[in-house]
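Here the structure is a predicted model, which means the values were calculated and not measured. All ligand and atom numbering here is 1-based and tracks the order in the structure.
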Amino acid sequence: MDRIQAEQRVNELNELLRGYGHAYYVLDKPAVPDSVYDQLLNELIELETLYPDLIFPDSPTQRVGGTPITNFDKVTHTLPMLSLSNVFNEEDIREFDKRVRNGAGDNIEYVCELKIDGLAVSLIYENGQFVRGATRGDGRVGEDITVNLRTVRTIPLKLRKSVSLEVRGEVFMPKRSFHNLNAERGGRGEELFANPRNAAAGSLRQLDPKITASRNLDVFIYGIGGDAESHGLSEHEETLQFIEALGFKTNNERQVCKSVEEVLAYIEKWTEQRSNLSYEIDGIVIKVNRYLQQQELGFTAKSPKWATAYKFPAEEVMTTVRDIELSV
Ligand SMILES: CC(C)(CNC(=O)c1ccc(Oc2ccccc2)cc1)c1ccc2c(N)nc(N)nc2n1
């Protein structure tokens with residue numbers, strides 16, 4: 001195979017492996033057996049070894065960086081990453097609904113989303129390429145953790161369209177990975193992580209991407225940073241579908257609610273169901289769906305007036321015998 005043929009084949013393999021990776025990790029629906037994926041990946045590794053100038057940044061072989069970094073640079077978010085106000089009971093929720101209707105009229109739709117108990121991140125893409133990832137930090141200034149976020153298999157290195165945009169989401173560690181990690185750490189006499197959120201934060205703060213890559217982190221993208229209108233989008237649910245079509249992983253348990261009664265029913269459902277989820281959630285996010293109505297409502301100093309988070313009551317911590325065994 002000459003260099004021209006090698007370049008064609010490398011581009012073909014990158015496209016194939018990106019599609020198979022998306023099906024496997026993002027859609028959880030493998031398109032080919034693992035053996036086929038591995039065979040194609042080995043073929044790509046061979047060609048990249050023969051022709052190093054054919055190693056592209058969005059190649060699946062480039063997810064786990066080489067040398068550990070020494071520190072994380074500070075980055076200033078182009079748009080602030082705001083926080084959500086909190087509500088704790090039905091009365092608060094009805095109060096929020098009343099304020100929304102006073103400010104934006106009675107024809108209100110909400111989108112309810114599971115509030116993932118992880119770490120908020122900002123992901124920036126230029127012409128479809130993942131170029132920078134950062135922690136939320138204080139909402140204005142975060143830390144550049146691009147090399148670590150590249151190891152999260154559900155974060156695409158290249159989008160389906162060559163658009164430039166910023167998305168925001170929550171990186172988390174699935175419950176099973178958390179328990180396995182703590183069992184390993186317990187076995188090695190190392191300190192245990194208190195919960196999956198701390199484990200995810202600790203994994204993203206690693207200076208060696210190889211360690212981050214071993215922690216099986218995942219992500220749910222929940223929004224676009226910046227004016228979604230510039231993409232011709234008029235409501236939050238539409239934006240999530242746009243994000244999904246680009247190749248991002250979003251949380252499918254979200255629901256459009258046409259009344260506060262439907263919001264309360266959704267909260268009731270997930271208060272009971274959350275223990276069956278493969279990841280931890282600490283509440284339910286309620287957002288006004290239409291952007292025009294969001295604009296009518298505006299912001300307080302640090303939070304949108306068109307969104308709030310219902311927080312589950314703190315669970316009494318059940319320290320099981322197993323936890324005690326592992327912690328000694
Ligand atoms: C709604 C928002 C606060 C994001 N939105 C923003 O951060 C934001 C930021 C500037 C905006 O516009 C401005 C532009 C310039 C100046 C000020 C605001 C608008 C929204 C938020 C926060 C946390 C969330 C979470 N944990 N889970 C889900 N599912 N959704 C969440 N949504």
Next on the checklist: Is it the case that the ring center of Phe220 lies less than 6.0 angstrom away from the ring center of Tyr279?
Outcome noted: yes
Item to check | Protein heavy atom at shortest distance from atom 4 (C) of ligand 1 | outcome: Tyr222 CE1, 4.3 Å
Checklist outcome for this item: Counting from 1 in the order shown, the ligand 1 atoms closer than 4.0 Å to a non-hydrogen atom of Leu79 are 14 (C), 15 (C)
Item to check | Nearest-neighbour protein heavy atom for atom 9 (C) of ligand 1, which is reported as residue plus atom name and distance | outcome: Pro80 O, 3.1 Å
Next on the checklist: Between ligand 1 and Gly223, can you find any atom pair, the residue atom being a heavy atom, that is separated by under 4.0 Å?
Outcome noted: no
Checklist entry - Would a line drawn from the ring center of Phe178 to the ring center of Phe193 be shorter than 6.0 Å? => result no
Next on the checklist: Both conditions, 6.0 Å and 45 degrees, for the charged tip of Arg168 above the ring of Tyr222: are they met here?
Outcome noted: no
Checklist entry - Would Arg274 count as a cation-pi partner of Phe312, with NZ or CZ less than 6.0 Å from the six-membered ring centre and within 45° of the ring normal? => result yes
Checklist entry - Which residue and non-hydrogen atom of the protein lie closest to atom 18 (C) of ligand 1, and at what distance in Å? => result Phe299 CZ, 3.8 Å
Next on the checklist: Checking the side chain of Thr151 only, and the main-chain atoms of Asn148 only, is there a donor and an acceptor separated by less than 3.5 Å?
Outcome noted: yes
Item to check | Within-cut-off N or O pair, Glu113 and ligand 1, under 3.5 Å | outcome: yes
Checklist entry - Do NZ/NE/NH1/NH2 and the carboxylate oxygens of Glu113 and Arg254 come within less than 4.0 Å? => result no
Checklist entry - Applying a strict 4.0 Å limit to heavy atoms, is Arg168 in contact with ligand 1? => result yes
Checklist entry - What protein heavy atom is closest to atom 2 (C) of ligand 1, reported as residue, atom name and distance in Å? => result Leu84 CD2, 4.3 Å
Checklist entry - Under 4.0 Å from ligand 1, counting heavy atoms only, is it the side chain of Phe220, its backbone, both or neither? => result neither
Item to check | Arg254 to ligand 1, any heavy atom closer than 4.0 Å | outcome: no
Next on the checklist: Could you tell me if Asn127 and Ser162 have a donor-acceptor pair between their side chains, going purely by distance under 3.5 Å?
Outcome noted: no
Item to check | Modelled atom types, side-chain donor and acceptor of Gln295 and Glu229, under 3.5 Å | outcome: yes
Checklist entry - Does Leu82 reach ligand 1 with a nitrogen or oxygen that is under 3.5 Å from one of the ligand's nitrogen or oxygen atoms? => result yes
Checklist entry - Looking at atom 30 (N) of ligand 1, what's its closest protein heavy atom, distance included? => result Lys287 NZ, 3.0 Å
Item to check | Trp306-ligand 1 polar pair, N/O distance under 3.5 Å | outcome: no
Checklist entry - Which of the atoms in ligand 1, numbered in the order shown and given with their element, are less than 4.0 Å from a heavy-atom of Glu170? => result 26 (N)
Checklist entry - Where does the angle between the aromatic ring planes of Tyr110 and Phe96 fall among parallel (under 30°), tilted (30 to 60°) and perpendicular (over 60°)? => result tilted
